2 protein chains.
Amino acid sequence: MSHTSGVRQAQKQKTRQALLDAALGLLEEQSLSSLGLREVTRAVGVAPTAFYRHFRSTADLGVALVEEALGSLHPMIRTTMAPAEDDDERIGRAVELIARHVAAHPAHVRFVARERHGGVQPVRRAIREQLARFAEEVKAELAEDASAAGWSEADLRMLAGLYVDQMLITASLFLETLDAPEEERRRAVETARRQLRLIGVGRAHWLD
Amino acid sequence: MSHTSGVRQAQKQKTRQALLDAALGLLEEQSLSSLGLREVTRAVGVAPTAFYRHFRSTADLGVALVEEALGSLHPMIRTTMAPAEDDDERIGRAVELIARHVAAHPAHVRFVARERHGGVQPVRRAIREQLARFAEEVKAELAEDASAAGWSEADLRMLAGLYVDQMLITASLFLETLDAPEEERRRAVETARRQLRLIGVGRAHWLD
DNA sequence: CAAGTCAGTGAACAACTGTAACCACAACCG
DNA sequence: CGGTTGTGGTTACAGTTGTTCACTGACTTG
């Protein structure tokens, strides 16, 4: 037990992070369900048995990766959903934000997209829980918006879910076009903007 | 080579189908990238080396599964997108159709959802190609619709892609709630209907 | 400073993997 | 009918896997 600091704890965290990083790298070309514990330790340069000091199994490591990939993303919801003068400006900002995030953390995005429906149940559940939290937060933001007057609880939830799914689709699309020619990337951005705009139009005329 | 029929060819197809079926079953609890060739042959009850008579590798088998899961689905596009008197009736019919398909072929749906972003590149590409075909077909249907007057090519493509993605999201949602209590399943159907309706509203007011 | 804690090591295990070479025998074709 | 074709079976190999156990030695604590 003891306290949270100290050279000992720091070294342990460092190794743990090295395992997470190595796993994330290896997962670019395979799924978690085929990731071997030895494979990870080999990539780090540590004995296979050291793995157990940090994770019970590769599934356990996967859950930790979900936390790392999505856990720190919640604060971004407020700023993304924050109202702007122009609706198109908000859309442009959101798309830009997603593009930037994908470019900065491609491995994390790939991991989430891949394991959301992947073969490891605990990881699927962890992702589902995080996305449900996102939807909840988006819903809360939507409820504060002026145009939400008269919207039922179920409608708000539906729209929030639609937005979250759309964010993932967009992120995944950007990921696929990461090292594609400039022109294709611009088309992807344009498609994402249009889709969000169409949802926005539907939202504006929902109560007709 | 020789001709396509005969007792010989029939038996081979039978074994091949058994391999596909066994693989599909095993893939309910893991991803393709962790599926072993021996695992599949063991489930069928044939020798490991017999696998090579039908597939070069498990990735090759995966591509065949994509064909099996999505190849025969194209004719359904026309009937699903076909216009109806009521817009809500069309939506209800489409959702009903998806629900029925998921209930009839849950393993196929799970496979596609899982491997769309999975760790096996040839399979990802095969799925992407099939989905692109779907989008193309949906776009063709949309273009024939009366309400498509004034829509640009890019807008039609965008909307078609949105519909295809939404179909997958809906199918995946239904899959998750397959063995959930009746009430949760009804909520899932209701959510799917609402989301399609919102897209429909956006579509109706797109040219404002 | 002595005692204890614990991250990481090394060897060993049984079980598993993909693949190669060779064989058997039923269906096919001339 | 007799020779050829080719699906599937058998045996074997070299690597890999997850997990166990006892261990070391640097850090922490009283």
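Lettering follows sequence order; numbering is per chain, from 1. Since the structure is predicted, the reported quantities are computational estimates derived from the model, not experimental observations.
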Selected nucleotide, minimal atom distance to B/P48 side chain, candidates C/dT19, C/dG8, D/dT28: C/dT19

Closest to the B/Q11 side chain: D/dC27, D/dT19, D/dG8? D/dG8

Base [N] to side chain [X], donor-acceptor N/O within 3.5 Å cut-off:
{"X": "B/R8", "N": "D/dG6", "answer": "yes"}
{"X": "B/T49", "N": "C/dT19", "answer": "no"}
{"X": "A/R38", "N": "D/dT16", "answer": "no"}

Between [X] and [Y], is any side-chain donor less than 3.5 angstrom from a side-chain acceptor?
{"X": "B/S34", "Y": "A/S33", "value": "yes"}
{"X": "B/E115", "Y": "A/H117", "value": "no"}
{"X": "A/E190", "Y": "A/Q195", "value": "no"}
{"X": "B/E39", "Y": "B/Q30", "value": "yes"}

Can you measure [X] atom [atom1] to [N] atom [atom2] for me and round it to whole angstrom units?
{"X": "B/L37", "N": "D/dT17", "atom1": "CG", "atom2": "P", "answer": "17 Å"}
{"X": "A/K12", "N": "C/dA7", "atom1": "NZ", "atom2": "P", "answer": "4 Å"}
{"X": "A/Y52", "N": "D/dC21", "atom1": "OH", "atom2": "C1'", "answer": "13 Å"}
{"X": "B/H54", "N": "D/dG8", "atom1": "NE2", "atom2": "P", "answer": "4 Å"}
{"X": "A/D60", "N": "D/dG18", "atom1": "CG", "atom2": "C1'", "answer": "15 Å"}
{"X": "A/Q17", "N": "C/dA7", "atom1": "CD", "atom2": "P", "answer": "17 Å"}
{"X": "A/F51", "N": "D/dT17", "atom1": "CZ", "atom2": "P", "answer": "13 Å"}
{"X": "A/L35", "N": "D/dT16", "atom1": "CG", "atom2": "C1'", "answer": "14 Å"}

Only one of A/E182, A/R185, A/R186, A/R187 passes side-chain contact (heavy atoms from CB on, under 4.5 Å) with A/T177; say which it is. A/R185

Do any side-chain nitrogens or oxygens of B/T15 fall under 4.0 Å of OP1 or OP2 in D/dG8? yes

Could you check whether B/R42 gets within reach of a base, just the sugar-phosphate, or nothing at all, counting any heavy atom under 4.0 Å? sugar-phosphate

Give A/A50 one of three labels, base, sugar-phosphate or nothing, depending on what nucleic acid heavy atoms sit under 4.0 Å from its own. base

